[in-house]
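A single structure is presented below for examination.
For ligands, and for the atoms within them, numbers begin at 1 and follow the listed sequence.
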Amino acid sequence: MEKTSDSIKKEIEKLIQQINDHNYRYYVLDSPVISDEEYDRLFRTLKELEEKHKFVLPDSPTQRVGAPPLDKFTKVKHAEPMLSLDNAFSHDELRDFDGRVKRFLKSDADVDYTVEPKYDGLAIELNYTKGMLTRASTRGDGVEGEEVTQNIKTVMSLPMKIEVIDRVPEVIDIRGEVYMNIDEFEELNRGREKSGEPLFANPRNAAAGAVRQLDSSITAARKLHMACYGVGAVKGIAFKSQQEFVDWLRKAHFPVPEDFRIVQGVEAVVDAVSEIESKRSGFSFEADGAVVKVNDFGLQHELGVKTREPRWAIAYKFPAHQGTTKIEQIIASVGRTGAITPVALLTPVKIGGVTVGRSTLHNWDEIERKDIRVGDTVVIERAGDVIPRVVTVIQEKRTGSEEKFPPPSACPVCGSDVEREEGEVAYRCIGLNCEAQVLEKIRHYASRGAMDIEGLGEKNVELLYSQGRIRHFDDLYRLKKEDLMDLPRFADKSAGNLIEAIEKSKTTTMARFLFALGIIHVGVYAAKVLARNFEKLEDLYHIDTDRIVEIKQMGEKIAQSVEKFFSDKKNRNTLNTLKKLGVIVTNPDFTGGMPQKKGLPLEGKTVVITGTLARPRKDYEDLIEQQGGHATGSVSKKTDYVLAGAEAGSKLTKAKELGVKVLSEEEFMELVEGRK
Ligand code: IVH
């Protein structure tokens with residue numbers, strides 16, 4: 001029997017309620033009652049029903065994600081201005097604040113205060129009209145902010161609809177702090193480091209960047225949280241105090257500040273901020289202080305506002321986590337991309353509950369600027385509670401035996417040359433066979449656009465490395481089937497396949513090989529141009545910058561990098577070893593420097609990139625430009641190709657509607673390289 005549409009509606013409503021309830025248990029109470037798989041199943045069922053019956057309720061959890069990207073943000077005026085807070089930097093300044101409150105109220109009686117952590121994120125206002133989350137906006141200048149509703153909907157702990165409470169107010173503006181957890185922030189940065197994207201300095205910047213994304217799918221991936229702590233305009237409800245308001249928020253399933261408390265009198269406030277401070281390093285989020293508010297809304301009203309700050313609240317700022325210790329040694333550490341960073345090894349010191357034994361010195365400019373020397377006594381700060389750094393050298397403690405630490409003239413790991421480009425602060429190792437970089441190098445070497453070794457993806461490279469099967473670049477060609485057989489994920493067949501794929505990849509083209517070597521600044525295009533101009537690899541062995549710059553498409557930067565790479569004896573030795581191990585490089589692209597007969601594969605073509613891609617988007621944009629094409633943001637009839645990664649959304653749909661050719665990453669690379 002066909003279901004009536006009423007019963008389908010009911011089923012959908014029930015699923016929404018179930019999912020919202022599980023969201024609340026998971027994201028607010030932190031105590032889920034079902035497994036992730038069960039949750040996913042409910043979500044999928046809802047999505048399928050909604051799609052099948054074209055019936056989507058505005059508070060459906062499916063509406064949190066997948067909104068089409070915006071062109072720009074619209075401005076929103078706050079119904080009531082969003083204020084900022086005065087700061088107190090000591091307990092005595094808190095006592096002064098309490099004194100001012102009492103004087104203003106002309107009363108000696110102890111005041112009731114609420115105390116809660118100050119979240120280090122960004123302030124957001126949520127407008128709920130008739131219970132629905134209707135609009136979310138940034139604080140902006142306090143009077144006017146930007147509308148970021150579709151991004152805030154991705155904050156899973158927020159209800160899309162207020163419903164679990166008896167009387168839903170006509171209108172309520174709820175304010176709070178949007179933030180990112182410290183461990184999620186660190187994971188985000190690890191991922192960015194891997195893909196060569198710039199790192200965020202702290203969770204606040206990462207959260208603020210996420211909220212200001214025009215494409216909410218990026219926001220969703222950042223896993224934002226919110227702590228609600230304030231009320232703006234209201235209609236249809238009244239609260240007597242901060243405590244009553246926070247209780248209401250809790251009942252309505254909103255996330256509220258952890259460790260919220262109410263105390264009587266300023267000495268109890270001092271105890272409370274001290275206690276919150278002592279818990280600081282145990283919080284999952286970054287707290288840069290505690291906020292103290294007069295509890296009673298009547299008194300708040302009486303106290304009023306001075307310019308932009310209320311007289312009834314103050315932020316007690318925690319002192320930065322600092323400590324004093326000695327630099328025992330400085331080492332030059334080589335990162336996976338070859339960047340060399342000076343790191344100070346310290347006499348271990350406890351800072352804010354965490355033992356700190358090393359601190360990055362960032363680069364040699366920084367060492368110079370702060371005049372940091374081995375043996376110095378220094379002030380260390382756990383900046384943003386995350387990465388320890390040297391704030392300053394205590395000059396008075398100098399004995400004269402401290403030693404400067406000059407930049408390296410060779411890589412401390414492999415002994416290859418180092419280079420430092422003009423305008424860049426980092427020194428880099430250019431060694432092809434550098435152990436510190438081998439993982440990254442081999443991953444690139446084996447990748448599709450490079451040597452294209454099937455079955456040697458990121459995971460397997462990591463596995464082979466962590467199991468000690470490859471320590472150097474050329475170890476790849478020394479692998480035998482037996483070396484793989486006892487590894488997890490490998491069986492007789494898969495081990496055989498990988499060895500075969502490595503074998504097969506040994507014959508390659510000069511363009512691919514040059515790209516695969518991962519020479520700094522030599523991308524697919526530069527590699528191709530080099531291949532057109534130089535017949536054999538050996539022709540590059542003693543090349544100088546000037547000769548390369550003569551080539552029209554080659555800039556100074558690439559030229560220097562190529563010269564440096566091939567002038568390194570160790571690199572030339574490694575190349576000769578690869579040859580001995582059976583790598584054969586042919587050069588079908590060589591034209592003696594003449595331009596190719598056929599034009600560039602993307603000559604005059606417009607390409608739109610969408611979805612999550614295996615490589616940084618910037619790489620593809622560069623590639624498109626290099627190949628004569630043009631990357632744009634939106635799909636139209638004029639678009640020639642859409643390069644679609646995983647979870648591509650509205651752009652992909654539009655491309656299909658308009659009949660624009662959609663390419664996977666693989667197809668795109670094939671097109672660019674003219675393989676098919
Ligand atoms: S109350 C008028 N409570 O701190 C009082 N603010 O430095 C409005 N903040 O703009 C703010 N955690 O973005 C309040 N528990 C908390 C807070 C908090 C963080 C932020 C907020 C405010 C800034 C002032």
Problem set entry | salt_bridge(Glu50, Lys47) N-O dist < 4.0 Å | no
Exercise. Please state which protein non-hydrogen atom is closest to atom 5 (C) of ligand 1 and give its distance, to 0.1 Å?
Worked result: Leu85 CD2, 3.5 Å
Exercise. Can any side-chain N or O of Arg617 pair as donor or acceptor with the backbone N or O of Gly611 at less than 3.5 Å?
Worked result: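 Between the backbone of Gly611 and the side chain of Arg617 there is a qualifying donor-acceptor contact (under 3.5 Å).
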Problem set entry | Partner of Asn151 by side-chain hydrogen bond (donor to acceptor under 3.5 Å, both in side chains), out of Thr219, Thr138, Asp215 | Thr219
For this session: Would you mind running through ligand 1 and noting each atom that sits below 4.0 Å from a heavy atom of Pro310?
Result: 2 (C)
Exercise. Has the side chain of Arg261 got a donor or acceptor atom that lies under 3.5 Å from a matching backbone atom of Ala272?
Worked result: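 Checked: no pair found.
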Seminar exercise, completed: Ranked by distance from atom 13 (O) of ligand 1, the top protein heavy atom is Glu177 OE1, 2.6 Å
Problem set entry | Closest protein heavy atom (residue, atom, distance) for atom 19 (C) of ligand 1 | Tyr119 O, 3.1 Å
Problem set entry | Any Ala227 heavy atom less than 4.0 Å from ligand 1 | no
For this session: Please work out whether the ring planes of Tyr39 and His22 are parallel, tilted or perpendicular, with thresholds of 30° and 60°.
Result: perpendicular
Problem set entry | Residue and atom name of the nearest protein heavy atom (relative to atom 15 (N) of ligand 1), distance in Å to one decimal | Glu116 OE2, 2.7 Å
For this session: Look at the aromatic rings of Phe254 and Tyr128 and report parallel, tilted or perpendicular, splitting at 30° and 60°.
Result: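 Phe254 and Tyr128: perpendicular rings.
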Exercise. So which protein heavy atom does atom 3 (N) of ligand 1 come closest to, and at what separation?
Worked result: Lys293 NZ, 3.2 Å
Exercise. What protein heavy atom sits nearest atom 17 (C) of ligand 1, and how far away is it?
Worked result: Tyr229 CE2, 3.4 Å
Seminar exercise, completed: ligand 1 to Pro117, heavy atom cutoff 4.0 Å, flagged ligand atoms 15 (N)
Seminar exercise, completed: The atoms of ligand 1 lying under 4.0 Å from a heavy atom of Ala123, numbered in the order shown, are 13 (O)
Problem set entry | Test: Glu125 and Arg175 ion pair at under 4.0 Å |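 Answer for the salt bridge query: yes.
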Problem set entry | Residues Lys102, Asp98: salt bridge by 4.0 Å N-O rule |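 So Lys102 pairs with Asp98 through a salt bridge.
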Seminar exercise, completed: of all protein heavy atoms, closest to atom 8 (C) of ligand 1 is Leu83 O, 4.2 Å
